[in-house]
Amino acid sequence: MHRRKFIQQTGTVIAGSLLSESVLASALPENKKRIAMVGTGHRGTGMWGVEVLKDFGHLVEFVGLCDKNSGRVKTAKEMLKLSCPTYTDIDVMLKETKPEILIVTTMDSTHHEQIIKGLEAGADIITEKPMTTDEKKCQAILDAEKKTGRKVHVTFNYRYSPHRQKIYELLNSGAIGKVTSVDFHWYLDTSHGADYFRRWHRKREFGGTLLVHKSTHHFDLLNWWLDSDPQEVFAYGSLEHYGKNNPFRHTHCRPCPHKDKCKFYWDINKDPRLVKLYVENEKYDGYHRDGCVWKEDIDIFDKMAVQIKYANNVQVSYSLTTYSPYEGYRISFNGTEGKLDAWIHERQPWEVEKYDELQLTKNFGKTEYIRIDNTEAGHGGGDLRLRKQLFNPGEDKWKQAAGSRDGAMSILVGIAARESIDKGKPVKIESLTSLKPLAKKPVNS
Ligand SMILES: NC(=O)c1ccc[n+]([C@@H]2O[C@H](COP(=O)([O-])OP(=O)(O)OC[C@H]3O[C@@H](n4cnc5c(N)ncnc54)[C@H](O)[C@@H]3O)[C@@H](O)[C@H]2O)c1
């Protein structure tokens, strides 16, 4: 019996989720998975387009591409050298192409619409982070997944880097005893950090603020490393560098009269791929990929500090800064028997090392330095391992696969932090959706 028909007939959640796992696992060359994509921008065409076709083209077949920008979806088809039809209406695409997997790589605030439509059309979903941007949309996704019995996979590529995998291994082997608190600080630089203020991400209504759009990665890492659910959040945040905090501004960089004096001037014309995707398709939607970082409509925070209490009693101090001279993070796990320190510089003005380092210090004992090779492309090979886990999975030794509950728990920290900043009070995670925080979090749920 055909899988889709079987699920419609049984209508049971259990049958649906078990089958959905095995469907991804049993992809065979002679039985390629039918995949469709909605949102054919930078991420869709790259990580989930060219790269999927390169390594898993023998297991999957694109049956449709959809984007609200009618020019960009055609550009994507050309870039991916596909022959499948293109659409600007997801309903028509789902009806005509009947995908088994829908890849969702649109703007964050619209993910829920496409995820729910995909689930209702009988597809499993692979969605980019953040799963969505507010608690109501999050609940709607959880409800739709339950109702349809399909599966939502959330693509937390950060879990797959060798450095972060090693942290997971050490913490879970008890290397520093019981973890009691964490100090976690993430720095975005004046290039990548500034880029969020050029694009749609600069508006809370589209990306949910960087506490959701960006920090979802960081909060997911914490949830995964600590193996627990967040319980309560308190936060501060403000916008005091970008946006209105500058004496001059324009619409976007190309026609800007201030380009000679603006340190944040950026020439999109130097990147042929971005010109093809965005500049050549501006005429369809008026979207400027090189928007001014000083625009007065910017309404997200550019510095954020968050306190999180976990259901297993771990306390976290987290911060995000968006205009640093180098990009990366520093993290310190404090345990009953020692301390684990880690740092990564993703971009820096000094020479790059070919390894990442961890510092493990035992209470009353010695310090050990652990070096992890970082030369593999795509986040130390993490991006490829994530795609493999989705399209041709094996054993999930470090429990890196993530579902909608993981997707929800990570954004709920950011949503709670945003609410806490707005209202000036702590926010309980359980007040946001039907999910109840657990001291030990479920795996791939
Ligand atoms: N995991 C990571 O490290 C990572 C990195 C980059 C982006 N992302 C995520 O990938 C997603 C896409 O990001 P991007 O950088 O490619 O953005 P983008 O702006 O380049 O692409 C988004 C595309 O979605 C289209 N779109 C927007 N709303 C739509 C709708 N309602 N229906 C159909 N199409 C719609 C836009 O026209 C655009 O082509 C985002 O959710 C982002 O958070 C994740």
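Everything quoted here is computed from the prediction, not taken from an experiment. Ligands are counted one by one from 1 in listed order, and the atoms in each one are counted from 1 as well.
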Which residue owns the protein heavy atom closest to [atom], what's the atom, and how far is it?
atom	value
atom 24 (O) of ligand 1	Thr106 CA, 3.4 Å
atom 40 (C) of ligand 1	Asp108 OD1, 3.2 Å
atom 29 (C) of ligand 1	Lys68 CD, 3.7 Å
atom 20 (O) of ligand 1	Tyr278 OH, 2.2 Å

Close approach, [X] and ligand 1, non-hydrogen under 4.0 angstrom:
X	result
His217	yes
Phe156	no
Gly207	no

Shortest heavy-atom approach to [atom] - which of [options]:
atom	options	result
atom 32 (N) of ligand 1	Met37, His111, Met131, Gln114	Gln114
atom 8 (N) of ligand 1	Arg289, Arg72, Arg43	Arg43
atom 1 (N) of ligand 1	His42, Glu128, Met93	Glu128
atom 37 (O) of ligand 1	Leu274, Asn69, Asp67	Asp67

N/O of [X] under 3.5 Å from N/O of ligand 1, yes or no?
X	result
Asp285	no
Glu113	no
Thr155	no

Quiz item: Aromatic rings Tyr168 and Trp224: how do their planes relate, parallel, tilted or perpendicular, breaks at 30° and 60°?
Solution: parallel
Quiz item: Should the ring pair Trp186 and Tyr329 be called parallel, tilted or perpendicular, given that the plane angle runs from 0 to 90° and is split at 30 and 60?
Solution: parallel
Is there a donor-acceptor pair closer than 3.5 Å between any side-chain N or O of [X] and the backbone N or O of [Y]?
X	Y	answer
Thr88	Asp67	no
Asn392	Lys388	no
Arg385	Tyr160	yes

Quiz item: At their closest point, which heavy atom of Glu135 faces which heavy atom of Thr433, and how far apart are they?
Solution: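 Taking Glu135 first and Thr433 second, the nearest heavy atoms are O-CG2, 3.7 Å.
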Quiz item: So, for Phe197 and Ile298, which heavy atoms are closest and what is the spacing to 0.1 Å?
Solution: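 Taking every non-hydrogen atom into account, O-CD1, 3.7 Å.
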Self-check item: Any side-chain heavy-atom pair of Ile101 and Ile125 under 4.5 Å
Solution: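 Counting from C-beta outward, Ile101 and Ile125 never come under 4.5 Å.
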Quiz item: Is the cationic atom of Arg387 (NZ for Lys, CZ for Arg) positioned less than 6.0 Å from the six-membered ring centroid of Phe56 and within 45 degrees of its normal?
Solution: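 The answer is no; the distance or angle limit is not met.
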Quiz item: Say you draw a straight line from CG of Asn245 to CG of Leu239; how long is it, rounded to the nearest 0.5 Å?
Solution: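 With rounding to 0.5 Å, CG (Asn245) is 5.5 Å from CG (Leu239).
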Self-check item: Under-4.0 Å heavy-atom contact with ligand 1, by part of Trp200 that carries it
Solution: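 Side chain only.
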